[in-house]
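Here is the naming used below: chain letters follow the sequence lines, and residue numbers restart at 1 for every chain. For the numbers below, each heavy atom of this structure counts, side chains included, while hydrogens, waters and symmetry mates do not.
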Amino acid sequence: MPLQIISATSAHAAEINTLLHELAAFEKLPEGPELSEGEIGEAIANKNLHGLLAYMDEELAGFALFDYSFCTWQGKYMFLHEIFVRPAHRKHGVGKGLWKAIAKLAHEQNLARIQLDVLDWNTDAIKFYKAFGAVDFTKEEGWRDFRVPRSEIAKFAAANPSAAV
Amino acid sequence: MSFTIIPATTDHAAVINSMTHELAEFEKLPKGPELSENELREAIAEKNLFGFVALIEEQVVGFVMCYYGFSTWQGKFIFMEDLYVRLAHRKGGIGKALWKEVAKVAFEQNLRRIQWTVLDWNTNAINFYKSIGATDMHDRDGWLDFRLFRPAIAKFVGGNSDNGV
């Protein structure tokens, strides 16, 4: 069978974990993924995370992972955390198939938007997303993604309330 | 003048809605907020949004609104959507106190990060965030924020699959 796309269950945690690491290596951020396979399985079981898996001739070819959030400006939206096609399975419509399945889910729920991050050097991905009508919001409005890691949170949360700013 | 910080409740929906619009004006994106006061109220009631308000003599002078997301790399995290202190009440430590309440929530749940976006021209905010240990993820890794909005989703889902993509 050519392309088959299915919804992920917690039973797919190992496959998802493998693809997560392959994608992180491609993104030159191999230390990025910190979750264990067990945590991934649990997240899917608890519906904190959702996924789609793509198979080409029954071989694992790619995936998409997403969750739902609620923003003060537009309400419920989908955050697409990962979308990845293994190099050996590229140029066969797998990426488009995954993207289409994602868009259908968002459309059925009448969501205000799908949001995702992409690395500025990943010109293939940028072209792919723009071809489907996605907008570079960093460029368009100037938004920059800021983060505070656990170590800094701990420092701040535990700090003396009368400490100098 | 001394202030107090309390959790935001549905009773604060009206004033939070006003201040969301004030903040959007400041951000030069006055058309950004699309939610009605009722939708905001409902979101707080259903815990899709949570936050804190700062009070001086029972008047709300600032607020922070957040929601939870789930990252495939780091698990549950807080997305801080809006942090705002009315102009007349700046430089009194209110912003930092609101931020501290968010940090405490993250700390108590041992979350791996707090995340938000900031406009690239908002140097005051950027300086504040860097002073509390935040990292600009575009500077660090090159991440860009991409979005596909509802009309483009609908177009893609309803479109001709032979659109040359």
Side-chain angles (χ1 to χ4, degrees), chain A residues 20 24 29 32-35 39-40 43 48-49 65 67 69-75 79 81-82 96 100 103-104 106-107 110-121 129 131-139 141-150 152-158 165, chain B residues 20 24 29 32-35 39-40 43 48-49 65 67 69-76 79 81-82 93 96 100 103-104 106-107 110-121 129 131-138 141-150 152-157 165:
Chain A
L20 262 175
L29 299 163
E34 295 173 30
L35 298 188
E39 283 172 305
I40 292 168
N48 288 324
L49 194 58
L65 293 179
D67 74 335
S69 277
F70 192 99
C71 103
T72 53
W73 283 16
Q74 293 192 311
F79 196 97
H81 288 282
E82 322 283 349
K96 190 174 179 182
K100 190 139 197 171
K104 266 172 87 174
H107 183 65
N110 196 26
L111 302 184
R113 67 180 192 250
I114 298 168
Q115 188 168 332
L116 61 152
D117 290 333
V118 65
L119 290 157
D120 58 7
W121 53 260
Y129 301 136
F132 296 128
V135 172
D136 176 348
F137 228 53
T138 296
K139 193 168 167 189
E141 293 186 359
W143 293 103
R144 307 282 284 237
D145 172 5
F146 268 59
R147 300 191 193 176
V148 157
R150 188 158 40 191
E152 295 294 333
I153 294 168
K155 246 193 244 174
F156 200 82
V165 169
Chain B
T20 300
L29 298 163
E34 297 174 11
L35 295 190
E39 284 173 307
L40 260 177
N48 287 324
L49 283 177
M65 289 306 287
Y67 52 88
F70 193 94
S71 139
T72 48
W73 284 13
Q74 296 192 310
K76 189 177 180 186
F79 192 94
E81 175 84 271
D82 294 310
K96 195 160 186 188
K100 189 166 176 150
K104 276 160 75 175
F107 183 68
N110 197 28
L111 303 185
R112 287 179 176 86
R113 71 177 190 247
I114 301 170
Q115 181 175 341
W116 63 95
T117 53
V118 65
L119 289 158
D120 57 10
W121 53 259
Y129 295 137
S131 78
I132 56 172
T135 302
D136 178 335
M137 296 304 285
H138 180 254
D141 296 342
W143 292 106
L144 298 169
D145 170 3
F146 265 58
R147 302 193 188 178
L148 183 70
F149 290 101
R150 189 159 31 206
I153 295 170
K155 191 172 172 192
F156 181 65
V157 168
V165 175

Counting heavy-atom pairs under 4.5 Å with chain A, the top scorer among K76(B), H138(B), K104(B) is H138(B)
Just so I understand: if I count every heavy-atom pair under 4.5 Å between each of R150(B), M65(B), R147(B), Q74(B) and chain A, which residue has the most? R147(B)
Please classify the contact between [X] and chain B as side chain, backbone, both or neither, with a heavy-atom cut-off of under 4.5 Å.
| X | answer |
| --- | --- |
| N48(A) | both |
| F79(A) | neither |
| E82(A) | side chain |
| L65(A) | side chain |

Do you know which of A103(A), G32(A), S69(A), A24(A) has the most heavy-atom pairs under 4.5 Å to chain B? G32(A)
Most contacts with chain B, counted as non-hydrogen pairs under 4.5 angstrom, among L20(A), V118(A), L116(A): V118(A)
Given a strict heavy-atom distance threshold of 4.5 Å, which part of [X] is in contact with chain A: side chain, backbone, both, or neither?
| X | result |
| --- | --- |
| E81(B) | side chain |
| I114(B) | both |
| D82(B) | side chain |

Side chain to side chain contact (heavy atoms under 4.5 Å, CB included) partners of Q74(A), counting only residues at least two apart: C71(A), A112(A), R113(A), E34(B), F149(B)
Minimal non-hydrogen separation, D67(A) against F70(B), with atom names: OD2-N, 2.8 Å
